[in-house]
Amino acid sequence: MDKLVIAIDGPSGSGKSTVGKAIARRLGYLYIDSGAVYRAVGRKALDTNTSLEDATSVARLANLSSITLEGDPDHLRVFLDGRDVSGQIRLPDASHASSVVATIPEVREAVVEKLREMARAGGVVMDGRDIGTKVFPDAQVKLFLDASLDVRARRRCEEERERGRDVTADQIREELEARDRRDCERTATPLVKAPDAVFIDTSDLPLDAVVERALEIARTRSQT
Ligand code: CDP
């Protein structure tokens, strides 16, 4: 198959990363988790005591930091200035910080540049909030995944518990709602479906079925 760019957007818990990793594995593509880059910027702001509201300073951090993703989809590691921060970027404070710094236009510009550079060789699956609308508006395959808030909160709650965090579904639900609101209401590339993205509601659909559907779309697109 030609080296396509596959863009997957949607809110937290919609199944983006599970589906994205599976597609990348099946096609032998690079998987790029764009959220990990925003999380690394948020992590750095917290670790350097930079106010999340100080747009100029946070943008400077985003521009000057080295953020790299290494490893195959099942063993993805995130490095910030050469340090493995794969665990620290998933902590609740980093989840919150990532969605705050992601509202800053200059931070988004710096991250978009990094993401395009990471995908330079083609043959990539990238997931996030603005991949089909901003990072790769010409991606050959665009998916927009969504699911009910209850289903998304349940999925995320299971993941958090696997990581050892003692959380309730209500707590996760509140965190997701706050991040959804920030992602959808920001002026800089808010979370919206690209007009040419295929919308898939994953609330009642096994993620394997979503993967098959995406692969079918990719096969069709690579022949045209
Ligand atoms: O894993 P989850 O879907 O909860 O979040 P993530 O993909 O790791 O992204 C963390 C945060 O980064 C999101 O809440 C968004 O605010 C932001 N983000 C973004 O604005 N644009 C992207 N392309 C990816 C993430």
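Any value given below was found using the heavy atoms of this structure, including those in side chains, with hydrogens, waters and symmetry copies removed. Order of listing sets the numbers, starting from 1, for every ligand and every atom in it.
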Show me the donor-acceptor pairs, under 3.5 Å and distance only, between side chains in residues 205-213 and residues at least two apart or in other chains.
{"residue": "Glu212", "atom": "OE1", "partner": "Arg26", "partner atom": "NH2", "Å": "3.4"}
{"residue": "Glu212", "atom": "OE2", "partner": "Arg26", "partner atom": "NH1", "Å": "2.9"}
{"residue": "Glu212", "atom": "OE2", "partner": "Arg26", "partner atom": "NH2", "Å": "3.3"}

Can you list, by chain and residue number, every protein residue with a non-hydrogen atom closer than 4.0 Å to ligand 1?
-> Ser12, Lys16, Ser34, Gly35, Tyr38, Arg39, Arg90, Ser98, Ser99, Ala102, Arg108, Gly128, Arg129, Asp130, Ile131, Arg156, Arg179, Asp183, Arg186
If only side-chain N and O atoms count, and only distance matters, is there a donor-acceptor pair under 3.5 Å linking [Y] with [X]?
X      : Y     : answer
Arg156 : Ser95 : no
Lys44  : Ser65 : yes
Arg39  : Ser86 : no

Residue list, side-chain contact (heavy atoms from CB on, under 4.5 Å) with Gln171, at least two apart or on another chain = Arg165, Val167, Thr168, Glu175
Residues that Glu53 engages under side-chain contact (heavy atoms from CB on, under 4.5 Å), provided they are two or more places apart = Ser51, Val100
